[in-house]
Amino acid sequence: MNDCIFCRRDKLEIIAENELALAFKDRCPVSMGHSLVIPKRHVETYFDAGPEEHAAISSLVGQVSRFLQKDLNPDGYNIGANVGEAAGQTVFHFHIHVIPRYRGDVADPRGGVRKVIPSGSCHPLDSE
Ligand code: AMP
Ligand code: ZN
């Protein structure tokens, strides 16, 4: 038995699963409904999962979004993975964050995941 919290599963609030993947609520949600989707097999990062695991994870991300849409009716989502410590990964069992977004939850949402690195005021869609 390894000491990975996502492998142990005992404290996870599981919301959906399929043969190769598992979805559960994030313990420290950054928005209402923030959920994680993981492969059941312990792999460290996005790039260590195989194509069948990615397909299973993608299917669960869709299922989770349908649950969230029904329960919480968010206005949008950020979906993504941190790969490696330099990118902010803290739990080294690959997981996809499904982060529901609500109109007005931040003052200016433009850029979304681009904003993990603050980049000043350039907005590619602004007219010049
Ligand atoms: P990351 O920084 O991308 O590795 O994200 C790790 C995520 O796991 C964070 O959003 C944590 O809040 C979440 N987390 C850590 N431990 C647990 C746990 N026992 N149950 C649910 N989520 C957890
Ligand atoms: Zn694990």
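Note that ligands are numbered from 1 as they come in the structure, with each ligand's atoms numbered from 1 the same way. If you read the sequence from its start, that first residue is 1, and numbering goes on from there.
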Determine, stepwise, if the pair Glu52 / Glu19 fulfils side chain to side chain contact (heavy atoms under 4.5 Å, CB included).
-> CA-CA 10 Å; Glu52 288 179 350; Glu19 193 189 342; over 6 Å; no
Evaluate the side-chain proximity of Asn78 to Arg101: yes if any heavy-atom separation is below 4.5 Å, no if none is.
->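 The answer is yes, as the side chains (C-beta and beyond) meet within the 4.5 Å cut-off.
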Under the salt bridge (charged side-chain N to carboxylate O under 4.0 Å, His left out) rule, collect the residues that match up with Glu44, sequence neighbours excluded.
->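 Checked Glu44 against salt bridge (charged side-chain N to carboxylate O under 4.0 Å, His left out); zero matches.
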Answer with yes or no whether the side chains of Gln89 and Tyr46 bring together a donor and an acceptor at under 3.5 Å.
->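 Not at all, the side chains of Tyr46 and Gln89 share no donor-acceptor pair under 3.5 Å.
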Side chains of residues 21-33: which donor-acceptor partners sit under 3.5 Å, not counting sequence neighbours?
unit_1 : atom_1 : unit_2 : atom_2 : d
Asp26  : OD1    : Cys28  : N      : 2.8
Ser31  : OG     : Pro100 : O      : 2.7

Test His97 against Asn82 for side chain to side chain contact (heavy atoms under 4.5 Å, CB included), laying out the working first.
-> CA-CA 9 Å; His97 292 264; Asn82 299 325; 3.8 Å; yes
Going through the distances and angles, do His93 and His95 end up as a ring-ring contact (aromatic ring centres under 6.0 Å, His included)?
-> CA-CA 6 Å; His93 181 136; His95 49 281; 8.0 Å; no
May I ask whether Val64 and Leu20 are part of the same hydrophobic cluster, defined by side-chain heavy atoms of I, L, V, M, F, W, Y residues being less than 4.5 angstrom apart, directly or through others?
->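 Hydrophobic grouping puts Val64 apart from Leu20.
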Which parts of the protein, at residue level, reach under 4.0 Å of ligand 1 through a heavy atom?
->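 Lining ligand 1: Ile5, Phe6, Leu12, Phe24, Lys25, Asp26, Arg27, Cys28, Leu36, Asn82, Gly88, Gln89, Thr90, Val91, His95, His97.
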What protein N, O or S atoms come within a distance below 2.8 Å of the Zn ion (ligand 2), ordered by chain and number?
->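 Those protein N, O or S atoms (cut-off: under 2.8 Å from the Zn ion (ligand 2)) are Cys4 SG, Cys7 SG, His42 ND1, His93 ND1.
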Check: Ala56 main-chain N/O paired with Asn18 side-chain donor or acceptor under 3.5 Å |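 Between the backbone of Ala56 and the side chain of Asn18 there is a qualifying donor-acceptor contact (under 3.5 Å).
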